[in-house]
Each structure stands twice: as C-alpha cells, then as structure tokens.
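Okay, so here's the structure we're looking at.
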Amino acid sequence: MEKNFFNQNTRKVAQQLLGRVLCRKKGKQIYQGIITETEAYCGPNDLASHASKGRTKRTEVMFGPPGRCYIYLVYGMYYCLNIVTGKKNHPAAVLIRSCQPLKTYKKIMPIGPGKLCQAFCIDKKLNQEKITGSKIWLELGDKLKFTQIKKATRIGIDYAGKYKNKKWRYYLQDNKFVSRR
DNA sequence: CAAGAGATCATCT
DNA sequence: GATGATCTCTTGA
C-alpha cells in the first residue's frame with residue numbers, strides 16, 4: 001500500500017479501498033477478501049459519525065494518526081471495522097462493510113460489517129492496531145479500472161439529521177457480496 | 001416482499 | 001438509564 005494513503009480525504013479513501021484485499025492472520029489461518037462495500041464517516045461535523053459527539057475513550061483512536069483500526073461493538077453483539085483517515089486530530093474513518101471472500105476457513109460469509117468481523121476473527125483486541133501490521137493488513141489486489149462504483153446513503157444512521165441523506169456509502173456495482181443495493 | 005421485533009451490552013449521560 | 005455505523009427471524013399481505 002502507498003505511504004500516506006489514509007492521510008487524505010475520507011470519501012476518496014473509501015472509494016479507493018474498493019477492490020483492495022483485506023488480509024487477516026490469526027495463528028496459522030489467513031483470511032482474505034476483496035473489499036466490496038465501504039462507508040465514509042467524515043469528521044466532527046458528520047452527525048452520523050461517533051466522533052461528532054466529541055472526543056471520548058471510544059472515539060479516541062479516530063483522533064489519532066491515520067491508518068489505524070477503529071473497532072467497536074454495535075448493538076451489544078457485533079464488531080465493526082473502520083480504518084482511521086485524515087490527519088491527526090481530524091476524527092474520520094472508513095467503515096469496511098463487506099468483502100468477497102478469497103481465502104477463508106470459516107463458513108461465515110463476510111457480508112455486512114458484523115458478519116465481516118465474525119468471518120475474519122476481528123474483535124476489540126485489534127482496536128488501535130495499524131492496518132499495515134502482521135495481524136491485519138491490506139494488499140493492492142487487481143486493478144479495478146473497469147468496475148463501476150455505486151454511491152448510496154449510509155445504513156442505520158437515521159439519527160444523523162441532514163447527514164443521513166449524504167451518499168457516502170460506496171460499493172462495487174454488480175458484485176454479489178454487497179449488503180444492500 | 002416489507003415491516004417489525006428481539007437479542008444483548010459497551011458506551012455515554 | 002438510554003441508545004445504537006447489526007442481523008436473523010417471524011408475521012402478514
């Protein structure tokens with residue numbers, strides 16, 4: 001991955017992450033999948049972002065340097081994986097929502113942010129880890145020049161006022177491994 | 001097919 | 001004490 005890739009506009013990162021390969025190593029197992037769906041959470045003004053509520057213990061990692069994992073528990077049940085973007089003290093991140101499995105040893109399809117974390121054995125132990133480490137990292141994958149990117153509203157953020165209508169969800173058109181169309 | 005409910009708990013007020 | 005960046009299951013048209 002390019003240096004400083006995550007230190008740029010969150011929406012741009014979210015789109016450029018599509019097609020790249022998420023890799024996770026746990027023990028001898030390696031899990032890999034092509035990222036098919038992402039969402040951008042664009043800083044302190046974005047009412048959909050946890051960071052809009054200010055700096056707390058949970059959101060602290062978003063205020064840190066780009067390229068770290070932000071992992072939290074939603075609805076008391078599932079983990080969600082984000083990657084912090086933008087420069088330090090600008091709290092923003094990209095939610096990795098779905099991927100197309102390449103190499104998995106579990107019978108869980110990584111479709112939807114909760115299932116993705118289940119399938120890839122991602123939990124809070126990886127919070128704040130660099131996304132360029134030995135446990136979790138990204139690879140370039142094949143080029144996706146000819147694949148269309150669709151834009152849509154983000155899921156599950158009805159509370160976000162005028163930000164709920166922003167089309168900051170991105171997914172690969174015609175790919176089956178997308179949570180909603 | 002769409003809409004609603006329930007599971008379940010860390011985080012924040 | 002309330003609330004979710006989810007998912008599955010049930011109900012009913």
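Below, all heavy atoms of this structure are taken into account, side chains as well, without hydrogens, waters or symmetry copies. Computed from a predicted structure; not experimentally measured. Chain letters run A, B, ... following the sequence lines, proteins first, then strands; residues in each count from 1.
Note on A:Val178 and A:Leu116: separate hydrophobic clusters, where clusters join Ile, Leu, Val, Met, Phe, Trp and Tyr whose side-chain heavy atoms are under 4.5 Å apart, directly or indirectly. Cluster membership check: A:Leu138 shares its hydrophobic cluster with A:Leu126, using side-chain heavy-atom separations under 4.5 Å among Ile, Leu, Val, Met, Phe, Trp and Tyr.
Between A:Cys69 and A:Leu81 the shortest side-chain heavy-atom distance falls below 4.5 Å. Using a 4.5 Å heavy-atom threshold, the side chains of A:Ile83 and A:Arg68 count as separate.
In DNA chain B, runs of at least 3 consecutive Watson-Crick or G-U pairs, each pair with both distances below 3.5 Å, span B:1-7 with C:6-12, B:9-12 with C:1-4.
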Might you list the N or O atoms of the protein lying below 3.5 Å from N or O atoms in nucleotides 8-10 of chain C, with each pair's distance?
| unit_1 | atom_1 | unit_2 | atom_2 | d |
| --- | --- | --- | --- | --- |
| C:dT8 | OP1 | A:Lys115 | NZ | 3.1 |

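Partners of A:Arg180 under the salt bridge (Lys or Arg N to Asp or Glu O under 4.0 Å) rule, at least two apart in sequence or in another chain, do not exist in this structure. Checked against side chain to side chain contact (heavy atoms under 4.5 Å, CB included), A:Pro113 has the following partners two or more places apart in sequence or in another chain: A:Cys80, A:Leu95, A:Arg97. In this view, A:Phe5 satisfies the ring-ring contact (aromatic ring centres under 6.0 Å, His included) rule with no residue, not counting sequence neighbours. Looking at residues two or more places apart in sequence or on another chain, you find a side chain to side chain contact (heavy atoms under 4.5 Å, CB included) between A:Ala119 and A:Ile108, A:Pro110. Listed by chain and residue number, A:Thr38, A:Ala40, A:Val94, A:Tyr170 satisfy the side chain to side chain contact (heavy atoms under 4.5 Å, CB included) test with A:Ala14 (two or more places apart in sequence, or in another chain). In this structure, A:Lys53 has no side chain to side chain contact (heavy atoms under 4.5 Å, CB included) partners at least two apart in sequence or on a different chain.
Protein atom CG of A:Asn82 is 11 Å distant from nucleotide atom P of C:dT6, rounded to whole Å. Here C:dT3 presents its C1' atom at 13 Å from CG of A:Leu73, a figure rounded to the nearest Å. Between the CE atom of A:Met109 and the C1' atom of C:dC7 there is a distance of 16 Å, given to the nearest Å.
Within residues 50-62 of chain A, the residues that place at least one heavy atom under 4.0 Å from DNA chain C are, in residue-number order, A:His50, A:Met62. Shown for residues 153-161 of chain A: residues whose heavy atoms fall under 4.0 angstrom of DNA chain C, namely A:Ile155, A:Gly156, A:Ile157, A:Tyr159.
A donor-acceptor pair shorter than 3.5 Å cannot be found between the side chains of A:Thr147 and A:Gln173. Under 3.5 Å, the side chains of A:Thr85 and A:Thr10 contain a donor-acceptor pair of N or O atoms.
An aromatic stacking contact between A:Tyr75 and the base of C:dG4 is absent, as defined here by ring centres under 5.5 Å apart and ring planes under 30° from parallel.
Relative ring orientation between A:His50 and A:Tyr70 is described as perpendicular, the plane-to-plane angle rising above 60° on a 0-90° scale split at 30° and 60°.
Between A:Arg169 and C:dA5, a side-chain N or O to OP1/OP2 separation shorter than 4.0 Å is absent.
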Legend entry - Verdict with reasoning, A:Arg181 to A:Tyr171, per side chain to side chain contact (heavy atoms under 4.5 Å, CB included): CA-CA 9 Å; A:Arg181 331 190 140 259; A:Tyr171 61 90; 4.0 Å; yes
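Map A:Lys124 and A:Met77 each onto its nearest nucleotide of DNA chain B; the residue landing nearer the 5' end is A:Met77.
More than 12 non-hydrogen atoms from other residues, nucleotides or ligands lie less than 6.0 angstrom from NZ of A:Lys106.
Cluster partners of A:Ile111 are A:Met109, A:Phe177, counting Ile, Leu, Val, Met, Phe, Trp and Tyr whose side-chain heavy atoms approach within less than 4.5 Å, directly or via other members.
If you walk DNA chain B from 5' to 3' and mark each nucleotide with an atom closer than 4.0 Å to a heavy atom of chain A, the marks span B:dA7 to B:dC12.
As judged by a 4.0 angstrom heavy-atom cut-off over every strand, A:Gly114 is placed among residues touching the sugar-phosphate backbone only.
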